[in-house]
Amino acid sequence: QVHLVESGGGLVQTGGSLRLSCAASGRAFSAYYMAWFRQPPGKEREFVACINRSGGEPRYADSVEARFAISRDNVQNTVYLQMNSLKPEDTAVYYCAADLELLASCRTRPSEYDYWGQGTQVAVSS
(Lines give C-alpha, C1' and ligand atoms only; values in the text may rest on other atoms or scores of the structure.)
Protein backbone atom coordinates (compact mmCIF):
# COMPACT_ATOMS: atom_id res chain seq x y z
CA GLN A 1 0.00 0.00 0.00
CA VAL A 2 1.22 3.51 -0.87
CA HIS A 3 -0.14 6.69 0.67
CA LEU A 4 0.39 9.96 -1.23
CA VAL A 5 -0.24 13.47 0.09
CA GLU A 6 0.06 16.53 -2.13
CA SER A 7 0.70 20.06 -0.94
CA GLY A 8 1.75 23.44 -2.30
CA GLY A 9 -1.28 24.46 -4.30
CA GLY A 10 -2.84 27.88 -4.13
CA LEU A 11 -3.87 31.01 -5.99
CA VAL A 12 -1.28 32.75 -8.17
CA GLN A 13 -1.32 35.41 -10.85
CA THR A 14 -0.51 34.74 -14.50
CA GLY A 15 3.23 34.41 -14.93
CA GLY A 16 3.78 33.32 -11.35
CA SER A 17 5.27 30.14 -9.96
CA LEU A 18 4.30 27.38 -7.57
CA ARG A 19 6.04 24.28 -6.33
CA LEU A 20 3.92 21.25 -5.60
CA SER A 21 5.12 18.45 -3.35
CA CYS A 22 3.87 14.90 -2.96
CA ALA A 23 5.00 12.99 0.12
CA ALA A 24 4.84 9.21 -0.08
CA SER A 25 4.68 6.61 2.65
CA GLY A 26 4.27 2.87 2.65
CA ARG A 27 6.22 0.75 0.18
CA ALA A 28 9.74 1.71 -0.93
CA PHE A 29 9.40 4.99 -2.75
CA SER A 30 12.26 4.30 -5.14
CA ALA A 31 10.45 1.21 -6.44
CA TYR A 32 7.84 3.09 -8.40
CA TYR A 33 7.46 5.59 -11.18
CA MET A 34 5.82 8.85 -10.20
CA ALA A 35 3.65 11.25 -12.15
CA TRP A 36 1.58 14.39 -11.88
CA PHE A 37 -1.84 14.66 -13.47
CA ARG A 38 -4.37 17.45 -13.36
CA GLN A 39 -8.10 17.83 -13.77
CA PRO A 40 -9.34 21.22 -14.95
CA PRO A 41 -12.88 22.23 -14.02
CA GLY A 42 -15.41 20.22 -16.05
CA LYS A 43 -12.73 18.26 -17.91
CA GLU A 44 -11.09 14.85 -17.85
CA ARG A 45 -7.97 14.14 -15.84
CA GLU A 46 -4.88 14.73 -17.98
CA PHE A 47 -1.20 13.88 -17.88
CA VAL A 48 1.24 16.59 -16.83
CA ALA A 49 4.62 14.96 -16.16
CA CYS A 50 6.24 11.73 -15.01
CA ILE A 51 9.64 10.56 -13.87
CA ASN A 52 11.39 7.22 -13.58
CA ARG A 53 12.42 5.50 -10.38
CA SER A 54 15.91 6.98 -10.20
CA GLY A 55 14.79 10.52 -11.06
CA GLY A 56 15.79 10.53 -14.71
CA GLU A 57 14.08 10.59 -18.10
CA PRO A 58 11.21 12.95 -17.29
CA ARG A 59 8.32 13.20 -19.71
CA TYR A 60 6.00 16.19 -20.09
CA ALA A 61 2.74 17.07 -21.72
CA ASP A 62 3.24 19.46 -24.64
CA SER A 63 1.21 22.10 -22.82
CA VAL A 64 3.69 22.33 -19.94
CA GLU A 65 7.00 21.52 -21.65
CA ALA A 66 9.69 24.11 -20.81
CA ARG A 67 7.52 25.64 -18.04
CA PHE A 68 7.17 22.77 -15.56
CA ALA A 69 9.83 20.50 -14.07
CA ILE A 70 9.29 17.24 -12.24
CA SER A 71 11.86 15.90 -9.80
CA ARG A 72 12.06 13.45 -6.94
CA ASP A 73 14.02 12.90 -3.76
CA ASN A 74 14.25 9.21 -2.92
CA VAL A 75 15.65 10.00 0.52
CA GLN A 76 12.82 12.34 1.46
CA ASN A 77 10.26 10.11 -0.36
CA THR A 78 8.91 13.12 -2.17
CA VAL A 79 8.17 14.09 -5.75
CA TYR A 80 7.98 17.71 -6.81
CA LEU A 81 6.46 19.72 -9.61
CA GLN A 82 7.98 23.14 -10.17
CA MET A 83 5.54 25.23 -12.18
CA ASN A 84 6.74 28.45 -13.77
CA SER A 85 5.14 30.96 -16.13
CA LEU A 86 1.71 29.83 -15.02
CA LYS A 87 -1.28 30.51 -17.22
CA PRO A 88 -5.02 30.59 -16.45
CA GLU A 89 -5.38 27.32 -18.39
CA ASP A 90 -3.15 25.65 -15.80
CA THR A 91 -5.98 26.03 -13.28
CA ALA A 92 -6.88 22.53 -12.07
CA VAL A 93 -6.72 20.08 -9.22
CA TYR A 94 -3.27 18.50 -9.38
CA TYR A 95 -2.76 14.88 -8.38
CA CYS A 96 0.36 12.81 -7.89
CA ALA A 97 0.28 9.13 -8.72
CA ALA A 98 2.47 6.05 -8.35
CA ASP A 99 2.99 3.26 -10.89
CA LEU A 100 4.44 -0.03 -9.63
CA GLU A 101 5.01 -1.66 -13.01
CA LEU A 102 8.60 -2.41 -14.03
CA LEU A 103 8.91 -0.60 -17.33
CA ALA A 104 11.44 1.05 -19.57
CA SER A 105 9.89 4.48 -19.05
CA CYS A 106 7.12 6.19 -17.13
CA ARG A 107 3.58 6.14 -18.50
CA THR A 108 1.09 8.88 -19.30
CA ARG A 109 -2.42 7.44 -18.88
CA PRO A 110 -4.26 7.74 -15.56
CA SER A 111 -5.52 4.15 -15.80
CA GLU A 112 -1.93 2.90 -15.65
CA TYR A 113 -1.28 4.27 -12.18
CA ASP A 114 -1.91 2.29 -9.02
CA TYR A 115 -2.07 4.88 -6.25
CA TRP A 116 -3.29 8.46 -6.09
CA GLY A 117 -3.17 11.37 -3.72
CA GLN A 118 -6.19 13.45 -2.78
CA GLY A 119 -5.18 16.39 -4.97
CA THR A 120 -4.22 20.01 -4.43
CA GLN A 121 -5.98 22.97 -6.05
CA VAL A 122 -4.04 25.36 -8.28
CA ALA A 123 -5.79 28.50 -9.49
CA VAL A 124 -4.16 31.00 -11.84
CA SER A 125 -5.82 34.38 -12.17
CA SER A 126 -5.60 36.47 -15.32
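Side chains included, hydrogens not; waters and symmetry mates left out as well; all remaining heavy atoms used. All residue numbers refer to positions in the sequence shown, counting from 1. From a predicted model like this one, the values you see are computed outputs, not experimental measurements.
Rounding to the nearest 0.5 Å places CG of Leu4 at 9.5 Å from OH of Tyr115. Atom CD of residue Glu112 and atom CZ of residue Arg107 lie 4.5 Å apart, to the nearest 0.5 angstrom. Note that OG of Ser126 is 10.0 Å distant from CD of Glu89, once rounded to the nearest 0.5 Å. With rounding to the nearest 0.5 angstrom, the OH atom of Tyr95 is 8.0 Å from the CD atom of Glu6.
Between Val93 and Thr120, the closest side-chain pair of non-hydrogen atoms is not below 4.5 Å. Counting heavy atoms from C-beta outward, Phe29 and Arg72 have side chains that approach closer than 4.5 Å. In this structure the side chain of Val122 never reaches within 4.5 angstrom of the side chain of Thr91, judged on heavy atoms. No side-chain heavy atom of Glu46 sits under 4.5 Å from any side-chain heavy atom of Thr108. The shortest distance between side-chain heavy atoms of Ile70 and Val79 falls below 4.5 Å. Proximity of Phe68 to Asp90: side-chain heavy atoms (C-beta onward) are separated by under 4.5 Å at one or more points. No side-chain heavy atom of Tyr80 sits under 4.5 Å from any side-chain heavy atom of Leu20. Counting heavy atoms from C-beta on, the side chains of Leu81 and Tyr94 come closer than 4.5 Å.
No close placement of the Phe47 and Tyr60 rings is indicated, their centers lying 6.0 Å or farther apart. For Trp116 and Phe37, the ring centers sit closer than 6.0 Å to each other.
Partner Cys106 forms a side chain to side chain contact (heavy atoms under 4.5 Å, CB included) with one of Glu57, Met34, Arg53, Arg59 and no other, that one being Arg59.
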Exercise for review: Show your working on side chain to side chain contact (heavy atoms under 4.5 Å, CB included) between Val64 and Arg38 and close with a plain yes or no.
Suggested key: CA-CA 11 Å; Val64 307; Arg38 68 186 182 187; 3.9 Å; yes
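Side chains of Asp73 and Thr78: no donor on one and acceptor on the other come within 3.5 Å.
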